[in-house]
2 protein chains.
Amino acid sequence: MNRPIINSWQSVEQEVRRRIQTREWAPGELIPNEADLALEFGCARATVNRALRRIADSGLIDRRRKAGTRVALQPVARATLDIPVIRREIEDRGMTYSYLLLSRTEAVPPHAVSATMQLPAHDAQLHVVALHLGNETPYALEDRWISLAAVPAARQERFESVSSNEWLLANAPWSHGQITFAATQAGREDAARLACDPGQAMFVIDRLTWNNNAAITRVRLKYPPGYQLRTDI
Amino acid sequence: MNRPIINSWQSVEQEVRRRIQTREWAPGELIPNEADLALEFGCARATVNRALRRIADSGLIDRRRKAGTRVALQPVARATLDIPVIRREIEDRGMTYSYLLLSRTEAVPPHAVSATMQLPAHDAQLHVVALHLGNETPYALEDRWISLAAVPAARQERFESVSSNEWLLANAPWSHGQITFAATQAGREDAARLACDPGQAMFVIDRLTWNNNAAITRVRLKYPPGYQLRTDI
DNA sequence: TATAATTTTATGTATGTACATATTAGTCTG
DNA sequence: CAGACTAATATGTACATACATAAAATTATA
């Protein structure tokens, strides 16, 4: 049998995906092991390994030592979302970016905020409210709490010309975080700021950022009706 | 100088991330090349390569042949979202899943639907409306159009006991797709089905699925107020 | 001096070998 | 027959080497 040589991890990945897609390897089925595939494809096991590792990362196959590799029964669709700096998001959509600071105060945050940040309930934090605009129209309303314990330098920054978003990125390293997407109705104040009607549905992104065990900031971004977050799978 | 040996790709990744996080390697800065790092860490270049490749995938560094590797100036937060089958999503939250078919018809879809699916505007498609419930309460309202051209077998399926979601996963292979997240206000019908009030903000997920060049299905999932999509970054 | 050809260099990939590790399957033993 | 060892096996990782490739830097050329 004269098999074509498939000797790049990309081609191995493509071929394996093809076999799964065409049901040549059915869901739940055990596929040949790396050594056999390497032999069949005419490449090294490391090459097969890299391809299969990528496919496993995408959720299409499950791999376990000794047990082997099998096609996932119900592949989860795994989407990768890029959450850029808002300025870039706006500029990438071909609009000119501008920024408007609405308020900057030191205050004790609502209990829900200090609780999710795992910070003492009575400690004051920096509270920044700002509007991001694209082509002079409201694009997103930012409501941010910054832990002064974690980022004391923020006390010196007015956030009038540079957004807290970018300032923090440049000045407060972070290790991990959590993002939450949701929908809520615009209150009267939200509506006025986002130039929409009260009661309309806003898309909301909450982000909580940590540096190791210390909460850095919690930001809530409210987008006016019509905003869409899109990604390929 | 007696350097500790860092000879697993995990430890290399951790150490590099640490240096970036502590600003030992500042944003925008060129970091040592793979060969030098391998020498310093006491491991093979392939090991450094794998670690750096992963870090690049996460958006923290930018790599270019010959130009070298530099710390990203404004790292995009890259979030990976798992979109499981709804049944699993509900069961993973510890609720018992149930499913209610609301309607199943063959009809010509609205123009917006046929257009995004790149299918002839006058062709009838299968239209399935169903409710997914957790612990007997509405969890998500599904509104789905299925291309009969791409999945003729769907005509034989009643979707009364098995949801179109799971049936399609098992019977219609797909190669890629697109997901859109948004927020909209509940109409009167939505509200009745999702047991909420008209006008309240629903979280909406639109998914468009393709098999190579043929659109398979377009599904819109509406979630009642309070629903959150969460992920770690 | 602008442009084209060439060299250099850092990353990207492929390979064979070796060993580590998790997990299953089998076997031994009380 | 239950439970404890033991062998077998597929994936996971590390390494040294080699060559491929993109792009910057340099040199040659019109």
Side-chain angles (χ1 to χ4, degrees), chain A residues 3-17 19-20 24-73 75-76 78, chain B residues 3-17 19-20 24-73 75-76 78:
Chain A
R3 298 190 175 283
I5 293 172
I6 298 176
N7 60 351
S8 73
W9 65 262
Q10 288 99 331
S11 57
V12 171
E13 178 173 353
Q14 203 183 343
E15 173 63 12
V16 171
R17 297 194 105 107
R19 291 187 186 183
I20 293 172
E24 195 170 324
W25 291 337
E29 191 178 315
L30 204 61
I31 77 173
N33 68 38
E34 292 185 350
D36 290 350
L37 286 177
L39 204 68
E40 184 198 334
F41 293 147
C43 67
R45 184 167 80 88
T47 307
V48 174
N49 179 274
R50 176 153 180 196
L52 293 187
R53 196 151 30 81
R54 277 180 57 95
I55 300 175
D57 283 346
S58 81
L60 196 58
I61 57 177
D62 294 318
R63 323 194 70 201
R64 270 168 60 217
R65 279 173 167 158
K66 161 76 183 173
T69 302
R70 52 181 73 240
V71 181
L73 267 174
V76 288
R78 199 156 288 165
Chain B
R3 297 190 176 283
I5 294 172
I6 298 177
N7 61 352
S8 75
W9 65 263
Q10 288 98 333
S11 57
V12 171
E13 178 174 354
Q14 202 184 342
E15 173 63 11
V16 170
R17 297 194 105 107
R19 291 187 186 184
I20 293 172
E24 195 170 323
W25 291 338
E29 189 179 318
L30 204 61
I31 76 173
N33 69 38
E34 293 186 350
D36 290 350
L37 286 177
L39 205 67
E40 184 199 335
F41 292 148
C43 68
R45 185 167 79 88
T47 306
V48 174
N49 179 275
R50 176 154 182 196
L52 293 186
R53 196 149 34 78
R54 277 179 57 95
I55 299 175
D57 283 346
S58 81
L60 196 58
I61 58 177
D62 293 318
R63 323 194 70 200
R64 268 168 62 217
R65 278 173 166 155
K66 162 77 184 175
T69 301
R70 53 180 71 239
V71 181
L73 268 174
V76 288
R78 200 155 288 166

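It should be emphasised that the depicted structure is a prediction, and the values quoted were computed from it without experimental measurement. The chains referred to below are lettered A, B, ... by the order of the sequence lines, with proteins before strands, and numbering in each begins at 1. Only heavy atoms go into these numbers, but all of them, side chains included; no hydrogens, no water, no symmetry mates.
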Within a radius of less than 6.0 Å around CD of A/Glu24, do more than 12 heavy atoms belonging to other residues, nucleotides or ligands occur?
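Yes, enclosed.
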Near B/Gln14 CD, under 6.0 Å, is it more than 12 heavy atoms from other residues, nucleotides or ligands?
->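 No, the 6.0 Å shell around CD holds no more than 12 heavy atoms from other groups.
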Requested in this report: Report the nucleotide, chosen from C/dG16, C/dG12, D/dG12, that has the shortest atom-to-atom distance to any side-chain atom of B/Arg63.
Outcome: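 Shortest atom-to-atom distance from the side chain points to C/dG12.
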Readout for nucleotides 17-24 of chain D: B = base within 4.0 Å of protein heavy atom, S = sugar-phosphate only, - = neither; 5' to 3' it is -B--BBBB
Report task. Consider only side-chain N and O atoms of A/Asn49 and A/Arg45, and report whether a donor and an acceptor are under 3.5 Å apart. Result ->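 No pair is found: no donor N or O on one side chain lies under 3.5 Å from an acceptor on the other.
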Gap between atoms [atom1] and [atom2], on [X] and [N] respectively (whole Å):
X	N	atom1	atom2	result
B/Ile61	C/dA10	CD1	C1'	13 Å
B/Glu34	C/dT13	CD	P	10 Å
B/Ile31	C/dA10	CD1	C1'	12 Å
B/Leu37	D/dA14	CG	P	15 Å
B/Leu30	D/dA25	CG	P	11 Å
B/Glu13	D/dA14	CD	P	12 Å
B/Arg70	C/dT11	CZ	P	11 Å
A/Trp9	C/dT15	CH2	P	14 Å

Go through residues 47-55 of chain A and report each residue with a non-hydrogen atom lying under 4.0 Å from DNA chain D, sorted by number.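 Residues of residues 47-55 of chain A that come under 4.0 Å of DNA chain D are, in numerical order, A/Asn49.
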ask   = Is there a side-chain contact between A/Asn7 and A/Thr47, using heavy atoms and a 4.5 Å cut-off?
value =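 Answer no - side chains too far apart.
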So, OP1 or OP2 of C/dT13: does either fall under 4.0 Å of a side-chain N or O from A/Gln10?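 Checking C/dT13 against A/Gln10, a side-chain N or O does come within under 4.0 Å of OP1 or OP2.
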Phosphate OP1/OP2 of C/dA10 contacted by B/Thr69 side-chain N/O (<4.0 Å)
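No, B/Thr69 has no side-chain N/O under 4.0 Å of OP1/OP2 on C/dA10.
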query: Among A/Ile31, A/Val48, A/Leu37, which residue meets the side chain to side chain contact (heavy atoms under 4.5 Å, CB included) test with A/Thr69?
result: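 So the option named by the test is A/Ile31.
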For A/Phe41 and A/Val16, work out which heavy atoms get closest and say how close.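 Shortest heavy-atom contact: CE1-CG2, 4.3 Å.
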Q) Any idea which heavy atoms bring B/Val12 and B/Cys43 closest together, and the distance? A)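 Taking every non-hydrogen atom into account, CG2-SG, 4.2 Å.
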Residue pairs passing the salt bridge (Lys or Arg N to Asp or Glu O under 4.0 Å) test where at least one lies in residues 54-73 of chain A, sequence neighbours excluded: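 As it turns out, the salt bridge (Lys or Arg N to Asp or Glu O under 4.0 Å) pairs with a partner in residues 54-73 of chain A, which skip direct neighbours, are A/Glu13-A/Arg54, A/Glu34-A/Arg63.
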Q) Between CD1 of A/Ile61 and CZ of A/Arg53, what distance do you get to the nearest 0.5 Å? A)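 The CD1 atom of A/Ile61 sits 11.0 Å away from the CZ atom of A/Arg53.
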